[in-house]
There are 2 protein chains.
Amino acid sequence: MGSAKTKDKFRAFMLDKGLKSTRQREVILEEFLSVGSHLSTEELYLRLRRKNPRIGYATVHRTLKLFAECGIAEQRHFGDGQARYEASDLDEHHDHLICTSCGKIVEFEDPRIEQLQEKVARQHGFSIERHRLELYGCCESCR
Amino acid sequence: MGSAKTKDKFRAFMLDKGLKSTRQREVILEEFLSVGSHLSTEELYLRLRRKNPRIGYATVHRTLKLFAECGIAEQRHFGDGQARYEASDLDEHHDHLICTSCGKIVEFEDPRIEQLQEKVARQHGFSIERHRLELYGCCESCR
DNA sequence: CATCCAATTGAAAACGGATTTCAATTTAAT
DNA sequence: ATTAAATTGAAATCCGTTTTCAATTGGATG
Ligand SMILES: [Mn+2]
Ligand SMILES: [Mn+2]
Ligand SMILES: [Zn+2]
Ligand SMILES: [Zn+2]
């Protein structure tokens, strides 16, 4: 059923921006939330096409950008040249471990690292808006 | 004069791979090392053109990739959609603070963060090959 | 120096993901 | 039902990267 809270947030966003509710947006949101994580536009598009053959790539693309603007999704780049999207854990943050062999993506969160990042930034007179931490390596089953 | 050590490393690399020394490669290496850091292919190309109008973009592109393969340069992506290259500090590593307002890039190194990254990876059964840590925010003079 | 062959060059074309265009359609307010 | 504005999807376009290919060059050889 996807998170009701997330859907509410998107509905509120659309209302606020004067956007319209459409069959496509409903279907895309449903599928995006049910699949979960780290999907490229292409991947989501292909999945949607299985049940909705008449949905367009451009619409999927635009809708994912809307999700990101709304804050219910985040765009990621893991170095394979295509953007990926994942549902936001509302106010939780996490970083990623990526297996360079099988592509597996593991999420983690480490407050000590986050804290040190703040410290480093402060020392250089920066105020951090966001950061990106990705650890690339080989996962257990690939060894 | 650029680092003699770096040039030696590149010469050794070329010898090993059966590559030829050319006027273009010399010029590109010289300019790359003298400018220093975080240059896009386009930027280096334009700089080179000022004194060497007949150098080609493709050659600059290929030569930068050679530098990276050789280990005297590293490719970076700071999220503006184009690759950037910087001379490697031979065996030193560093991460980046990027000002989202003026584009300034500050380098830093924090062994505590590096250590925690290792720890996190180990806990998830990963062995790290490389990582990417970028802190985006606002620099002092932009505030 | 002359010859030869593999490596290199650079202009142009191709590539690939992201984004935009635009005519037709749909939404939702009146 | 009417209407204006938003949306859709196929196709075109964008833009950085990479490749193609004919011409040139490096450098080894005799
Ligand atoms: Mn994630
Ligand atoms: Mn750097
Ligand atoms: Zn793996
Ligand atoms: Zn700044």
Side-chain angles (χ1 to χ4, degrees), chain A residues 10-32 38-70 73-85 103, chain B residues 10-32 38-70 73-85 103:
Chain A
F10 188 54
R11 258 177 232 122
F13 173 81
M14 296 221 285
L15 211 71
D16 179 56
K17 296 271 179 181
L19 304 177
K20 291 175 176 173
S21 166
T22 69
R23 195 181 76 270
Q24 287 92 331
R25 284 175 180 163
E26 293 298 328
V27 170
I28 294 170
L29 180 57
E30 187 64 47
E31 183 73 13
F32 174 67
H38 311 127
L39 283 171
S40 68
T41 307
E42 178 78 14
E43 285 165 0
L44 183 55
Y45 167 65
L46 291 176
R47 274 178 161 277
L48 285 160
R49 282 267 298 235
R50 302 213 280 251
K51 304 212 166 179
N52 303 71
R54 28 188 49 233
I55 209 153
Y57 180 93
T59 301
V60 178
H61 167 77
R62 286 184 289 227
T63 304
L64 282 172
K65 289 190 72 179
L66 263 192
F67 291 171
E69 191 190 340
C70 163
E74 285 179 66
Q75 194 187 55
R76 305 277 191 187
H77 289 269
F78 294 135
D80 63 346
Q82 64 192 321
R84 292 180 176 280
Y85 292 84
Chain B
F10 188 54
R11 258 177 230 122
F13 173 81
M14 296 222 285
L15 211 72
D16 180 57
K17 296 271 179 179
L19 304 178
K20 292 175 175 173
S21 168
T22 69
R23 195 182 73 268
Q24 288 92 330
R25 283 175 180 163
E26 293 298 328
V27 171
I28 294 170
L29 180 57
E30 187 64 48
E31 183 72 12
F32 175 66
H38 311 127
L39 283 171
S40 68
T41 306
E42 178 78 14
E43 284 166 0
L44 183 54
Y45 167 66
L46 290 177
R47 274 179 160 276
L48 285 160
R49 282 266 298 235
R50 302 213 279 250
K51 303 213 166 180
N52 302 70
R54 25 187 53 231
I55 209 152
Y57 180 94
T59 302
V60 177
H61 166 77
R62 286 183 290 229
T63 304
L64 281 172
K65 287 189 73 177
L66 264 191
F67 292 171
E69 190 189 340
C70 163
E74 285 179 66
Q75 194 187 55
R76 305 277 190 187
H77 290 269
F78 294 135
D80 63 346
Q82 65 193 322
R84 294 181 174 279
Y85 292 83

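In what follows, every chain begins at residue 1, and chains take the letters A, B, ... in the order their sequences are listed. What's counted below: heavy atoms across the whole structure, side chains too, no hydrogens, waters or symmetry copies.
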Distance in angstrom units between A/Arg76 CZ and C/dA18 P, rounded
16 Å
Find the distance A/Met14:CE to C/dA28:P and express it as a whole number of Å.
8 Å
Are any of B/His61's side-chain N or O atoms less than 4.0 Å away from OP1 or OP2 of D/dT17?
no
Mind checking if B/Ser40 touches a base, just sugar-phosphate, or nothing, with heavy atoms under 4.0 Å?
nothing
Let's see if you can work this out: which of C/dA11, D/dA10, C/dT9 has an atom nearest to the side-chain heavy atoms of B/Thr59?
C/dT9
Output the rounded distance in Å from CG (A/Leu66) to C1' (D/dT8).
13 Å
For a side-chain contact (heavy atoms from CB on, under 4.5 Å) check, start with the C-alpha distance between B/Glu31 and B/Tyr45, then their side-chain angles and the critical distance, and finish with the verdict.
CA-CA 10 Å; B/Glu31 183 72 12; B/Tyr45 167 66; over 6 Å; no
Just to be sure I understand the rule, does B/Gln24 reach a base, reach only the sugar-phosphate, or reach nothing, if contact means heavy atoms closer than 4.0 Å?
sugar-phosphate
Measure the distance from NZ on A/Lys20 to P on D/dA5 and round it to the nearest whole Å.
9 Å
Atom CZ of A/Arg23 and atom C1' of D/dG9 are separated, to the nearest Å, by 12 Å
Determine whether B/Gln82 and B/Thr41 satisfy the following criterion, side-chain hydrogen bond (donor to acceptor under 3.5 Å, both in side chains), listing intermediate values before the conclusion.
CA-CA 8 Å; B/Gln82 65 193 322; B/Thr41 306; over 6 Å; no
Quick one: does B/Arg25's side chain have a donor or acceptor within less than 3.5 Å of a partner on B/Lys20's backbone?
yes
A/Thr22 side-chain N/O to D/dT7 phosphate OP1/OP2 under 4.0 Å:
no
Residue pair B/Leu19/A/Arg62 against DNA chain D: nearer the 5' end by closest nucleotide is A/Arg62
Take atom OH of B/Tyr45 and atom C1' of D/dG16, then tell me their distance rounded to the nearest Å.
14 Å
side-chain hydrogen bond (donor to acceptor under 3.5 Å, both in side chains) with B/Arg84: of B/Glu74, B/Glu43, B/His77, only one passes, and it is B/Glu43
Atom pair distance, as rounded to whole Å: CG in A/Leu46 and P in C/dG17:
12 Å
Out of C/dG10, C/dT19, C/dT8, which nucleotide sits closest to the side chain of A/Tyr57?
C/dT19
With ring centroids as reference points, do B/Phe67 and B/Tyr85 lie under 6.0 angstrom apart?
no
Quick one: is D/dT8 close enough that its OP1 or OP2 comes under 4.0 Å of any side-chain N or O from A/Arg54?
no
Starting at CZ of A/Arg49 and ending at P of D/dG9, how long is that distance when rounded to a whole Å?
11 Å
Nearest-nucleotide comparison on DNA chain D, the residue closer to the 5′ end among B/Lys65 and A/Gly18
A/Gly18
